[in-house]
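Bear in mind the structure is a predicted one, so any value in this text is a computation, not a measurement. One is the number of the first residue; the rest follow in order along the sequence.
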Amino acid sequence: MSSNDSGWKATSKHYKEANFLQSPAYGKMNELLGDKVICENFGENGRALMIVRNAKRGRYLEIPCGPLVDWKDKKGLKAVFERVKEIARQEKCVFVRIRPQLNMSSENMKLLSELGLVESPMHLAAEHTVIIDLTVSEEELLAKMRRQTRYEVRRAEKMGIKVTRGNSEELFHEFHTVQAETAKRQGFVPPSLKVLLAEREAFGENADIYVAETAEGEKIAYGLIIKDGREGDYYEAASTELNRKMPGAYAIIWQVMRDLKKEGYERFNLWGIAPAGQPNHRYAGVTTFKTGFGGEIVEYVPAHDIVISRMGYLKDLVVEKARKKRRHL
């Protein structure tokens, strides 16, 4: 597929909830990694960017943060999902996994059920997140922060912490090295260097790594920001041991907020917090940090599946339920 999809601009303008996971650049990234990408348009502005995933447990079709369609048009929705199922069968997929940009509600869960979807055993994209409205003034952004968060932002300024950004290949290599060390300390699985470099190539200047340093030039924290449509996303992070005692990550988030605002983006998605009441969730450690910036806590409907091959899907269920328990998801 072409990364210069002229329809994407109209789609992202029409659907305010659209983010980079339905963008041409995300499609290009997946193609660079060897996956087949299919983009289907529905009507004037509707869109479904689909990735064919070749997993050992079974081949499946993934639609992250989509499809972008009119969810109130039930007749149109049936046509959309019939076409999606047709594509999945053509690609010999066991199932289709989607996580639409629909807020969590009993009505939306019922709608997905009526369309023949079943709740997935695994998550897809950030189902629980914090989204900061950037259309207000900088003074209002600061005022909406938790008192302790505002204190840490001010403390970073007083300590002379510097925040810079760039997207050189060298910086992506550096980020990968530090994130691997961070992952060992915090117990998560980081993306490979191959994935990071594919993101850099596909998103170009819309993929920036922010770096917080001491006044003496020692590295404290890193953040990978991806921008598309109306939104900027705090997609990946890394830190050194210095971040435990210095507010480097706070300085990064505040600088990103100001930069996105100046560049005309409407919102900043902090990309992933723990669901309420789940202290062992893998995002539990960053939830207090992210919610302190005063954004809206958003819960989307969970990922759902369309079963294409029942036997293959049952095999997948066993594997994914075990994985979910092991990773505290």
For this session: Establish, from distance only, whether the side-chain atoms of R97 and S120 form a donor-acceptor pair under 3.5 Å.
Result: yes
Exercise. If we only count heavy atoms from C-beta on, is the N41 to C39 side-chain gap below 4.5 Å?
Worked result: yes
Seminar exercise, completed: When rounded to the nearest 0.5 Å, the distance separating CG of L61 from CD1 of I98 is 10.5 Å
Problem set entry | Flag if over 12 foreign heavy atoms under 6.0 Å of CD, Q90 | yes
Problem set entry | Greater than 12 external heavy atoms within 6.0 Å of E263's CD | yes
Exercise. Are the side chain of K261 and the backbone N or O of V136 linked by a donor-acceptor pair below 3.5 Å?
Worked result: yes
Seminar exercise, completed: Shortest non-hydrogen pair, A207 vs E199, comes out as CB-O, 4.2 Å
Problem set entry | Side-chain (K290) to main-chain (L270) donor-acceptor, under 3.5 angstrom | yes
Exercise. Does the T182 side chain pair with the main chain of A238, one donor and one acceptor, at a distance under 3.5 Å?
Worked result: no
For this session: Determine, step by step, whether R155 and E152 satisfy the salt bridge (Lys or Arg N to Asp or Glu O under 4.0 Å) criterion, reporting the C-alpha distance in whole Å, the side-chain angles of both residues, the deciding distance to 0.1 Å, and the verdict.
Result: CA-CA 5 Å; R155 188 164 76 98; E152 295 294 349; 3.0 Å; yes
Exercise. Salt bridge check: are E107 and K110 linked by an N-O gap of less than 4.0 Å?
Worked result: no
Exercise. Is the cationic atom of R99 (NZ for Lys, CZ for Arg) positioned less than 6.0 Å from the six-membered ring centroid of Y300 and within 45 degrees of its normal?
Worked result: yes
Exercise. Would you call the rings of H281 and Y283 parallel, tilted or perpendicular, where under 30° means parallel and over 60° means perpendicular?
Worked result: tilted
For this session: With the side chain counted from C-beta on, respond yes when R154 and E157 share a heavy-atom pair under 4.5 Å apart, and no when they do not.
Result: yes
Problem set entry | T129 and N269 side chains, donor-acceptor separation under 3.5 Å | yes
Exercise. Just by distance, with hydrogens left out, do T291 and R146 show a side-chain donor and acceptor under 3.5 Å apart?
Worked result: yes
Exercise. If you look at every heavy atom in S23 and R47, which pair is closest and at what distance?
Worked result: C-NH2, 3.9 Å
For this session: Begin with the C-alpha distance, continue with both residues' side-chain angles, and end with the deciding distance and a verdict on side-chain hydrogen bond (donor to acceptor under 3.5 Å, both in side chains) for D259 and Y210.
Result: CA-CA 11 Å; D259 286 349; Y210 280 70; 2.7 Å; yes
Problem set entry | Spacing of Q22 atom CD and D228 atom CG [to the nearest 0.5 Å] | 11.0 Å
Problem set entry | Same cluster (ILVMFWY, side-chain, under 4.5 Å), L68 and F42 | no
For this session: Go through the steps for E174 and Y222 under the test side-chain hydrogen bond (donor to acceptor under 3.5 Å, both in side chains), then give the verdict.
Result: CA-CA 10 Å; E174 181 181 320; Y222 298 73; 2.5 Å; yes
For this session: Can you see which heavy atom on N243 is nearest to which on A221, and at what distance?
Result: OD1-CB, 3.7 Å
For this session: Ignoring hydrogens and angles, tell me if any N or O in the side chain of R185 forms a donor-acceptor pair with the backbone of S239 under 3.5 Å.
Result: yes
Problem set entry | Distance, nearest 0.5 Å, that separates NE2 of H304 from CG of L112 | 4.5 Å
Exercise. Would E140 and S137 count as having a side-chain donor-acceptor pair, cut-off 3.5 Å?
Worked result: yes
Exercise. What is the distance from atom CE of M50 to atom CG of D35, rounded to the nearest 0.5 Å?
Worked result: 14.0 Å
For this session: Answer with yes or no whether the hydrophobic clustering places L134 together with V256; edges join I, L, V, M, F, W, Y residues whose side-chain heavy atoms lie under 4.5 Å apart.
Result: yes
Exercise. Should I131 and L260 be counted in the same cluster of Ile, Leu, Val, Met, Phe, Trp and Tyr side chains packed under 4.5 Å apart?
Worked result: no
Exercise. Salt bridge check: are R83 and E86 linked by an N-O gap of less than 4.0 Å?
Worked result: yes
Exercise. Between K85 and I308, is there a donor-acceptor pair closer than 3.5 Å when you use the side chain of the first and the backbone of the second?
Worked result: no
Exercise. Ignoring hydrogens and geometry, is there a side-chain-to-backbone donor-acceptor pair from S12 to W8 under 3.5 Å?
Worked result: yes
For this session: Check the angle between the aromatic planes of F81 and W71 and answer parallel, tilted or perpendicular using the 30° and 60° thresholds.
Result: tilted
Exercise. What are the two closest heavy atoms between K162 and T214, and how far apart are they?
Worked result: CE-O, 3.5 Å
Exercise. What about F203 and F20, are their ring centers closer than 6.0 Å?
Worked result: yes
Exercise. Side-chain contact, heavy-atom cut-off 4.5 Å: L49 with V37?
Worked result: yes
Exercise. Looking at K36 and E91, does any basic side-chain N land under 4.0 Å from a carboxylate oxygen?
Worked result: yes
For this session: Look up atom CG in L196 and atom CE in M29, then write down how far apart they are to the nearest 0.5 Å.
Result: 9.5 Å
Problem set entry | Y26 side chain reached by P64 side chain, heavy atoms, under 4.5 Å | yes
Exercise. Is there a side-chain contact between Y250 and I252, using heavy atoms and a 4.5 Å cut-off?
Worked result: no
For this session: Identify whether the distance between the nearest side-chain nitrogen and carboxylate oxygen of E114 and K74 falls below 4.0 Å.
Result: yes
For this session: Find out whether E218 and L242 are in side-chain contact, i.e. whether some heavy atom of one side chain is under 4.5 Å from a heavy atom of the other.
Result: yes
For this session: Indicate whether any N or O donor in one side chain lies under 3.5 Å from an N or O acceptor in the other, for D305 and Y313.
Result: yes
Exercise. Without hydrogens or angle criteria, can the side chains of T135 and D133 be said to hold a donor-acceptor pair below 3.5 Å?
Worked result: yes
Exercise. Is K28 salt-bridged to E31, cutoff N-O under 4.0 Å?
Worked result: no
Exercise. Should Y60 and N54 count as side-chain neighbours, where that means a heavy-atom distance under 4.5 Å?
Worked result: no
Exercise. Same cluster or not: are Y15 and L21 linked, directly or through other Ile, Leu, Val, Met, Phe, Trp or Tyr residues, by side-chain heavy atoms under 4.5 angstrom apart?
Worked result: no
For this session: Identify the two heavy atoms, one from A156 and one from A251, that lie closest to each other, and give their separation to 0.1 Å.
Result: CB-CB, 3.8 Å
For this session: Verify the cluster assignment for I87 and L117: are they in a single hydrophobic cluster under the rule of side-chain heavy atoms below 4.5 Å apart?
Result: yes
For this session: Indicate yes or no: at least one non-hydrogen side-chain atom of E62 is less than 4.5 angstrom from one of L124.
Result: yes
Problem set entry | Approximate separation, where rounding is to 0.5 Å, of I226 CD1 and D233 CG | 7.5 Å
Exercise. Do N30 and R53 have side-chain N/O donor and acceptor atoms under 3.5 Å apart?
Worked result: yes
Problem set entry | Near-ring test W271/Y234, centroid separation under 6.0 angstrom | no
Exercise. So which heavy atom on G166 is nearest to which on L171, and how close?
Worked result: O-CD2, 3.5 Å
Exercise. Do Q101 side-chain atoms and E17 backbone N/O form a donor-acceptor pair below 3.5 Å?
Worked result: yes
For this session: Tell me, yes or no, whether the heavy-atom count around F188 atom CZ, taken from other residues, nucleotides or ligands under 6.0 Å, exceeds 12.
Result: yes
